[in-house]
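If you're wondering where the values come from, they're calculated on a predicted model, not measured in any experiment. When a residue number appears, it is its place in the shown sequence, counting from 1. All ligand and atom numbering here is 1-based and tracks the order in the structure.
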Amino acid sequence: MKNKYLYIETFGCQMNVHDSEQMAALLTDSGYKQTDNMKLADLILFNTCSIREKAAHKVYSELGRLGKFKEQNPDLIIGVGGCLAQHLGTKFHKRVRHLDFVFGTHNIHRLPEMVASLQKKREKITNVDFHKSLNSIGIYATPGNGSISAFVTIMQGCNNFCAYCVVPYLRGPEMSRQPEEIISEITRLAADGIKEVTLLGQNVNSYGKTLGNGLNFAALIRKIGKLSGIERIRFTTSHPRDLSEELINCFAEEEKLCKHIHLPVQSGSNRVLALMNRGYTVEEYIKKVDNLRKVCSLISITSDIIVGFPGETQKDYQETIDMMEKIRFDSTFSFKYSERKGTAAEKLEGKIEDGEKQRRLKQLQALQDMHTLEKNTELEGSWQELLIEGKSKNSESELMGRASSWKIVNFKGNPELVGKLVDVKITKAYLHSLRGKLIEEVGNVN
Ligand code: 5AD
Ligand code: SF4
């Protein structure tokens, strides 16, 4: 039988990247082979994002191009999943005529069934119901290509309803996976050669709340820390309100927990934070950052910031800049506020004009670049343990690894080191990466 090829395009966050890995695993079991060449594909999936308008636009424009492919190959099956699919449901079919199926965030596990039905009969399919079970996040998928890092979803959904955010509407209410399932998945990953796991959820800090068995996120990390074969644990993303003292202490006590936390602050103005429904003040946020740095002086702290939220005055914006000056993040992702239908912020007064949002964003990003370079420069001369991920992007003869802080380090080394933990001395800092030298090249360790 002729090989059937699958092409998946992923938009958006790490959660979506992992969802796509799970889609690929399911369809590989149904006989598809994954390809990077869209033109070869018998089945094309777009795993979509709709967190900001720009992300949604990108999906539409790329999907538009697929019409041609379908004309050339009427047997081609085209499906869309992810947040935009969840949001639009059947309306997606009206907007993009050449789609065969639309599946929502809780329906990944039904992919093989949907594809099999389309192979038999071409009738448009839409599956966007929410389910109480966690079927769509418990799919086992090892990343291919000899990768040594894997994602593990530990919960789905979100109950926070931050005023700007569509996630609670598109991924449903928060639900945690049973710890035994998570542990057995990670045990299997370790047996498959995975050394680093990144625990995924919209708000991993509240892991366990829906289970009612007393096991919280810190306890889960301690359990995972005991698994042999796993050398590094990461997690994303955290909500500052739910970051407990117990979890903060894990950064000092759990050797395998990487010294990095992504802790989205969103704004430095208490007025805006309240409008955003974030549930903490700037002072409380700063106190948590101080505590993190107290227990783990080398911890890298990264964040998300939104500028131009409705009603954000120049003074509010200045407070965000002041907060950044005080905290000095290692890096931040920053965004212009993007209005999303159905969210609380949609109804707020005081929308900011795009030019002004752009100006604030540019200024904030310039400041962050200064801080990032400063933070990276502090590491010059230090020793860093790296997990080697592969060849460096810029040079065939160099390797790339990530430090515990998640920072990228490039250095000269034997490709046999890929997948191993090695120590390097940092010789030079740049904005987006560091340069290092292996012990044997440095010579005298002292
Ligand atoms: N507009 C701009 N940024 C947003 N984010 C989420 N929703 C919006 C929106 N409507 C940002 C937040 C969040 C990150 C994943 O995306 O900063 O932490
Ligand atoms: Fe969105 Fe807030 Fe939930 Fe994060 S915590 S997914 S920003 S609603």
Modelled atom types, side-chain donor and acceptor of [X] and [Y], under 3.5 Å:
X: Asn270; Y: Glu283; result: yes
X: Gln156; Y: His106; result: yes
X: Glu21; Y: His18; result: yes
X: Asp330; Y: Thr302; result: no

For Arg340, atoms of ligand 1 separated by under 4.0 Å from a heavy atom: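 Under 4.0 Å from Arg340, ligand 1 has these atoms: 10 (N).
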message: Within the 4.0 Å heavy-atom shell around Tyr337, which atoms of ligand 1 are there?
response: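 Those qualifying, in numeric order: 1 (N), 2 (C).
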Students often mix this up, so state it plainly: with edges at 30° and 60°, are the rings of [X] and [Y] parallel, tilted or perpendicular?
X: Phe11; Y: Phe46; answer: tilted
X: His57; Y: Tyr60; answer: perpendicular
X: Tyr280; Y: Tyr285; answer: tilted

Which residue supplies the protein heavy atom nearest to [atom], what is that atom called, and how far is it?
atom: atom 6 (C) of ligand 1; result: Ile51 CG1, 3.4 Å
atom: atom 7 (S) of ligand 2; result: Tyr164 OH, 3.4 Å
atom: atom 9 (C) of ligand 1; result: Ser338 O, 3.6 Å
atom: atom 2 (C) of ligand 1; result: Lys336 O, 3.4 Å
atom: atom 17 (O) of ligand 1; result: Gln266 OE1, 2.7 Å
atom: atom 14 (C) of ligand 1; result: Asp304 OD2, 3.4 Å

query: If only atom types and distance count, is the side chain of Asn410 paired as donor or acceptor with the main-chain N or O of Arg435 below 3.5 Å?
result: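 Not at all, since once roles are kept as given, no pair shorter than 3.5 Å links the two residues.
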- prompt: If only atom types and distance count, is the side chain of Arg328 paired as donor or acceptor with the main-chain N or O of Glu325 below 3.5 Å?
  reply: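 Checking the backbone N and O of Glu325 against the side chain of Arg328, a donor-acceptor pair under 3.5 Å is found.
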query: Would you say the ring centroid of Phe101 lies under 6.0 angstrom from that of Phe103?
result: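 Yes, close enough.
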- request: For atom 16 (O) of ligand 1, state which one of Gln202, His262, Arg52 supplies the nearest heavy atom.
  value: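 Looking at heavy atoms only, Arg52 sits closest to atom 16 (O) of ligand 1.
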task: State whether Tyr164 and Arg340 meet the cation-pi test: NZ (Lys) or CZ (Arg) under 6.0 Å from the six-membered ring centroid, and within 45° of the perpendicular axis.
output: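 Pair Arg340/Tyr164 does not count as cation-pi.
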task: May I ask you to check whether Tyr164 has an N/O atom sitting below 3.5 Å from an N/O atom of ligand 1?
output: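 Yes, there is a polar N/O contact under 3.5 Å.
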Metal environment of atom 2 (Fe) of ligand 2, protein N/O/S under 2.8 Å: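 Less than 2.8 Å away from atom 2 (Fe) of ligand 2 sit Cys162 SG.
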